[in-house]
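Below: one structure, written as structure tokens.
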Amino acid sequence: MTLAMHDAPSTREPIASPARLRSGNGGFYRLNIAIGALSVPLFLVVWELISRSGIVNIVLFPPPSVVAVAVLEWIRSGQFFWDLLASLYRVTCGFVIGATLGVFLGILTGEFALASSFLSPLFHILRPIPPIAFVPIVILWFGLSETGKLFLVVWGVFFTVWLSTHIGVQKVDRGLIRAAMMLGTPRRRMLQEIILLGALPYIVVGLRTAVSIAFYALVAAELAGTFVGIVYRIEIAQQNMQTGQAMGGLAALGLISFLADRLFATLAERIVWWR
Amino acid sequence: MQPGPRSSAKLALAISQPSAAAIERAPAIQVQNLSIVFDTNRGQIIAVDRVSFDVSHGEFVCLVGPSGCGKSTVLNTIAGLEVPFEGGILVDGAPVHRPRPDVGMVFQQPHLFPWKSVRRNIAHGPRVSGKSAREANAIADDLIAMIGLKRFADAYPNTLSGGMQQRVAIARALANQPRVLLMDEPFGALDAQTRAVMQDNLLELRERINATIVFVTHDIDEAIVLADRVLIMSAGPGRILRHLKVNLPRPRSSAIMLEPAYLSLKKDCLDLIRAEGLRAFQQSDES
């Protein structure tokens, strides 16, 4: 967990810091940037060449140029905006609800042995059930309503956040708690400040993992019968044999969850402000 | 960044005299027949065996002994952190069951709150005891000046050296104006140079505050330099071997370690510890 935590700042460090450290080695640094900038364009060119070479069926494996046209059409029709909005709404609401519950119950089970004995076995059994396995029953329970979609995202987010909070609370430095006790910190303040902030680095790691999981759960949610959304659009495109559109949908999904992760990583550094 | 009304927030450490005359008559700390037994998977271990001693008001007492002699356990018990024990612990005549704000503690590790600046770490005690942020910050700023860390008032603990962190930890414990200050090998994790500076700092600080201090260490030099009285403990089970009065003049500094009077005291200590060590060694050989 700690490793994953340190991963947050380090992902942007390798680009920035080696240059500062080794100013005499600017040539290598520039080369690195240049190669980095080539990565995605080169991939697209190779893809384009393979698709058009005749080795593969161009209808099933359209080149990026065709995908781009399909995406532009998707955006121009105005559908993309509503699909994006619907998907982001489900992910955001599900994340906020799941994360709030997760942090709350994580502190409860992490701090109180009785709560942990009562809830942890249950949570550990329910935790491995992937949201997608719930799709059939969710359709029965909630029909095609948004509640069902939220349920699936909440399911995915909650357990991750709960577990990391639970572990975080148990890993709070006992010395800090003893020091706080000696200073006369009342019980409430102990939970709200010492335990919560002590566990915060772990909670943040859990929240960041949960961002990706929210997008996995979104796929399940939009397969559970809906009329708008990015994954829904991929599904429709598949039924209409619009492979370009389907791949464009995948690209959009990848890009959005990538941006969400980056955004959260930046945010995480501010949440744990003392690092 | 200095606080506004300094005068109102003058540290009342020097005037933290006991209010009731009855309290004044009782020793600051009374440890009576204290025994502590730990349950381990290899059976019960007697950590502390019928230890008794008193500490008078304003006295500086050092508990010295080898690792595992239970000296930290005794200290934790006085702090109210070690729950099950036999015997009696009285602070100002009142039995101790849980931590109380007029008993401060400095641990071997600083255990500063990493999310708080130096000022807010020190202000934590006054804040949780109901003082306004303004009052608490003024108390903190006075203590920051006392420990010589004005430049670092707004710094976070992870940017400070080990010695600075421990100074903040001492200031944080003093912010509650404790009548008793317990110190558990507070300089044990520091290098020799920093340690000597910290000892001098503590001696200086001690002239300005009026707290009773119990200081745990395994370093005999440290004990004699700092204390009015040294209690020498033996290990397995923890017992007090001897009380040793340190009649060296105050104010002191670590330079006193070169005085003949100091050296003869140290020789007494070492002889005692050597004899005890030999006895323990022979005992373990026989069994």
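Letters go in sequence order (proteins before strands), and every chain restarts at 1.
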For B:P114 and A:L176, which heavy atoms make the closest approach, and how far apart are they?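 Answer, listing the atom of B:P114 first, then A:L176: CD-CD1, 3.9 Å.
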
Fill in: Pairs of heavy atoms under 4.5 Å with chain B: top-ranked of A:P186, A:G198, A:A179
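Sorted descending by pairs with chain B, the first entry is A:A179.
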
(request) Would you mind checking which part of B:R100 comes under 4.5 Å of any heavy atom in chain A, side chain (CB onward), backbone (N, CA, C, O), both or neither? (result)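 It is the backbone, since no side chain atom gets that close.
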
For B:F107, is it the side chain, the backbone, both or neither that has a heavy atom under 4.5 Å from a heavy atom of chain A?
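Side chain only.
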
Please indicate whether [X] has more than 12 foreign heavy atoms, meaning atoms of other residues, nucleotides or ligands, lying under 6.0 Å from its [atom1].
X: A:F123; atom1: CZ; result: yes
X: A:F112; atom1: CZ; result: yes
X: A:L122; atom1: CG; result: yes
X: B:F53; atom1: CZ; result: yes
X: B:R120; atom1: CZ; result: no

query: Highest number of heavy-atom pairs under 4.5 Å with chain A: which of B:Q109, B:R98, B:H124?
result: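 Ranked by heavy-atom pairs under 4.5 Å with chain A, first place is B:H124.
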
### Per-residue contact mode, A:I177 against chain B (heavy atom under 4.5 angstrom)
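Neither the backbone nor the side chain of A:I177 comes within 4.5 Å of chain B.
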
Practice prompt. Identify whether the distance between the nearest side-chain nitrogen and carboxylate oxygen of B:K116 and A:E193 falls below 4.0 Å.
Written response: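 A salt bridge is present here (some side-chain N lies under 4.0 Å from a carboxylate O).
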
Q. In Å, rounded to the nearest 0.5 Å, how long is the span from CE of A:M182 to CG of B:N176?
A.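 Answer rounded to 0.5 Å: 9.5 Å.
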
* Check for a donor-acceptor pair, side chain of A:D173 on one end and backbone N or O of B:H111 on the other, with a separation under 3.5 Å. =>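 Side chain of A:D173 to backbone of B:H111, a donor-acceptor pair under 3.5 Å: no, none is there.
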
Practice task
Go through the steps to decide whether B:Y156 and A:W273 satisfy the test side chain to side chain contact (heavy atoms under 4.5 Å, CB included), and finish with yes or no.
Solution key: CA-CA 10 Å; B:Y156 283 91; A:W273 70 87; 3.2 Å; yes

Would you check, one step at a time, whether the test side chain to side chain contact (heavy atoms under 4.5 Å, CB included) holds for B:N76 with A:R178?
CA-CA 10 Å; B:N76 285 338; A:R178 284 158 82 89; 3.1 Å; yes

